[in-house]
Structure formats: C-alpha cells, structure tokens
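Taking it in order: structure first as structure tokens, then the write-up.
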Amino acid sequence: MRMNPWRRWLTGLVLAVTGAVGSAQYAVSSQPNVVVLATGGTIAGAGASALNSATYAAAKVPVDKLLAGLPELTKVANVRGEQVFQIASESFTNEQLLTLARRVSALVKQADVDGIVVTHGTDTLEETAYFLNLVVRTSKPIVVVGSMRPGTALSADGALNLYDAVVVAASNDSAGKGVLVTMNDEIQSGRDVSKNVNIKTNAFTSQWGPLGMVVEGKNYWFRAPVKRHTGGSEFNIDEITSLAPVEIVYSYGNVPRTAFDAVGKSGIKALVHGGPGNGSVADRIVPVLRDLRAKGVHIIRSSRVADGFVLRNAEQPDDQYDWVVAHDLRPQKARILAAVALTKTNDPKELQRIFWEY
Ligand code: DGL
C-alpha cells in the first residue's frame with residue numbers, strides 16, 4: 001500500500017537533509033516497499049536435477065538468492081529480504097509461529113513498509129497464514145507464499161508464485177482483505193485455504209473459492225472475506241506471550257481410546273476431535289471426551305471431511321456436553337484458533353462465539 005505522495009516526499013526530504021538517505025534501507029522512490037520474510041520450504045528448495053520435481057531438499061536457498069533470481073521484482077516494488085528461519089514447514093513450532101508473527105507485527109508498524117511477503121513451506125503454510133490472519137493488527141497486505149516444486153525443477157512454480165506475492169503485497173487493493181496466499185495464479189484467503197493435493201502445483205484451494213487471481217502483474221478480485229481478521233481481530237500478537245497446548249486426535253472406524261487417553265494426560269487445554277462425517281464421535285469415545293471436559297479440557301468437534309462444516313447439536317448434544325464445534329475449520333486450523341482463543345478466554349460459550357466469528 002503506497003504511502004501518500006506528500007508523506008513520501010517529506011520522508012525523502014528528511015532523509016536527504018539528515019544525510020540518512022545513504023543508509024536508508026530503501027532508495028526513496030514512488031514504488032511501494034515490500035519486505036520478504038523467508039522461513040524455508042520448497043520455494044527455497046533444490047533438487048539434484050531438473051527432473052527432480054518431487055525429490056529434493058527443502059530450505060536450502062537463502063532469501064537474497066531467491067530475490068536476486070527475480071530481477072522483474074524491481075519493476076513492482078522496492079524489495080528487501082530477511083531470513084527469519086530456514087526450515088521445512090512440517091517442523092514449525094508454536095514458538096516459531098510467535099517469532100514470525102512478532103516480526104511481521106513490528107514491520108507493518110513501520111511507515112516505510114507497505115506490504116509483507118512470507119515465503120514458507122507448503123506443508124503447514126495454511127496454519128501459519130491463519131495464525132497471522134488472527135493476530136497481526138494491520139490492514140497492510142500480508143501474503144504467504146510457497147511452491148510445490150523446487151526452483152531447480154522443470155516448470156518450477158516458485159518464481160511466479162513469489163512474483164505474484166510481491167505484486168499482491170505491493171497493491172493498495174490488497175489492503176484490508178486479511179492474510180492472503182498466492183499460489184498457482186490464485187489469491188486465496190489465508191483463513192479458507194488448505195493444501196489439498198500433495199504433489200501438484202494446483203495444491204491450494206478453498207471450498208469457498210479464491211478471492212481473486214493475479215495474472216501478469218495485475219490483481220483481479222471477485223470476493224472479500226467476511227470472517228474477522230487482522231485489523232478487525234480481538235487478538236493481538238503484541239499481547240500474546242505463549243500458546244496453550246491444543247492437540248488433535250483423528251477418529252475412524254474401530255478407533256480405540258488410546259490416543260485420547262495419552263493426549264488427555266499431556267496437559268492440554270483443548271482437544272480437537274477430527275471426526276468422520278459431521279464431526280461424529282464413536283459411542284465408546286463419548287465418555288472419554290466427557291471425562292476430559294469434566295477435567296477442564298475443552299472439546300472442539302471438527303471433521304476429517306475436507307468440505308462442509310460441523311453443525312452444533314447435530315451429531316452430538318454439544319449444549320449438554322459443553323463442547324465447541326469448529327464450524328468449517330479443519331482440525332489443523334481449529335487447533336490454531338483454539339490456541340489463540342485460549343489466550344483470551346476459558347469460557348466455552350466465548351470459545352464457540354470465536355469459532356463462529358473467525
Ligand atoms: N517439507 C515441505 C515443507 O517445507 C516441503 C513442501 C513444500 O514446501 O512445498 O512444507
């Protein structure tokens with residue numbers, strides 16, 4: 001999002017007068033300033049040959065090399081990179097989520113930063129995008145991007161995905177739409193999007209559809225999010241010191257209580273039940289979950305089914321059991337929201353409100 005021309009001119013004047021222009025992180029120009037925060041993943045991956053589109057090492061290429069490989073970016077924005085992590089995203093921890101969000105929050109407060117791009121492994125990209133969507137108080141564009149193929153592969157998708165992410169992050173019309181994800185020419189909501197194919201470049205989709213597309217450096221918008229996010233969120237990373245342990249247990253035919261018992265003893269504050277269908281709970285598991293609830297653990301009923309949403313009091317008497325339903329959030333996103341919500345409340349009715357609103 002561009003600073004207004006007068007402010008930019010004044011900034012330039014101040015920098016020139018104080019002689020700081022030489023050390024300014026950006027040449028003062030009419031272009032937006034975008035910071036790329038790199039965390040690793042396949043977009044920073046490298047394979048042994050151009051034919052290795054699925055066999056490669058993730059998290060190898062440093063952010064400055066990624067940016068140097070995209071000279072076209074200079075026509076879009078003043079871009080600089082920071083290497084926050086260099087990891088495969090399946091290894092992300094809550095602490096790393098907090099560290100990343102704090103860095104994003106600090107940068108968006110800077111007048112000389114107009115947008116943020118986060119490069120990220122695709123495995124947990126949807127979780128990080130949703131987390132940032134919940135806790136970073138800003139209307140400036142934040143775009144999370146990854147790739148399904150390493151840059152060394154034939155038809156690598158990372159370069160265009162990254163270019164598109166910078167275009168979206170540098171665009172005024174991206175402001176106020178929550179955290180966004182650019183993959184495969186589409187602009188997805190960080191809340192809605194999930195990785196639904198583990199080996200194709202069209203991996204990221206949402207059951208509610210993309211918000212728009214970015215084609216040849218131009219955004220085409222068709223929808224805007226209605227759930228609360230970023231500037232409209234009641235959560236603020238600047239006030240969050242830690243995330244409560246919230247774990248997921250999937251359910252299936254013949255499911256034993258073993259995993260529920262083990263996780264229930266680990267000190268969790270909430271358990272996300274990834275049930276079949278509309279979040280169904282096996283009759284032998286109901287007493288196990290009710291016992292956990294009686295011990296103060298919140299039960300969040302989600303579904304292992306990709307699309308649709310869990311209805312309250314449909315498959316289970318949630319009112320009677322004092323359980324929460326995850327609405328349309330899949331277990332991995334329900335875990336993120338539950339952990340964030342528990343930084344504010346331990347009231348199940350408040351938790352349910354939060355699941356309806358976010
Ligand atoms: N290890 C996976 C990750 O970092 C690679 C998948 C990818 O980034 O596309 O998420």
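First listed ligand is number 1; within each ligand, the first listed atom is number 1. FYI, side chains are in, hydrogens and waters are out, and symmetry mates aren't considered; it's all heavy atoms of this structure.
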Pairs of donor and acceptor atoms involving the side chains of residues 280-296, under 3.5 Å and at least two apart or interchain, shall be tabulated with distances.
unit_1 : atom_1 : unit_2 : atom_2 : d
S280   : OG     : P276   : O      : 3.3
R284   : NE     : V255   : O      : 2.7
R284   : NH2    : V255   : O      : 3.1
D291   : OD2    : K295   : NZ     : 3.0
R293   : NE     : D322   : O      : 3.2
R293   : NE     : D322   : OD2    : 3.2
R293   : NH1    : V297   : O      : 3.3
R293   : NH2    : D322   : OD2    : 3.1

Checklist entry - Atom CG of L329 and atom CZ of R191: how far apart are they, to the nearest 0.5 Å? => result 5.0 Å
Item to check | Residue among L160, T201, T205 satisfying side chain to side chain contact (heavy atoms under 4.5 Å, CB included) with N184 | outcome: T201
Item to check | Check: S302 side chain, V272 main-chain N or O, donor-acceptor pair, under 3.5 Å | outcome: no
Checklist entry - Contact residues of ligand 1 with a heavy-atom cut-off of under 4.0 Å? => result G41, T42, Y56, A88, S89, E90, G121, T122, D123, S147
Checklist entry - Among D261, V263, T258, whose side chain to side chain contact (heavy atoms under 4.5 Å, CB included) with V249 holds? => result V263
Checklist entry - Are the charged groups of E234 and R228 less than 4.0 angstrom apart, N to O? => result yes
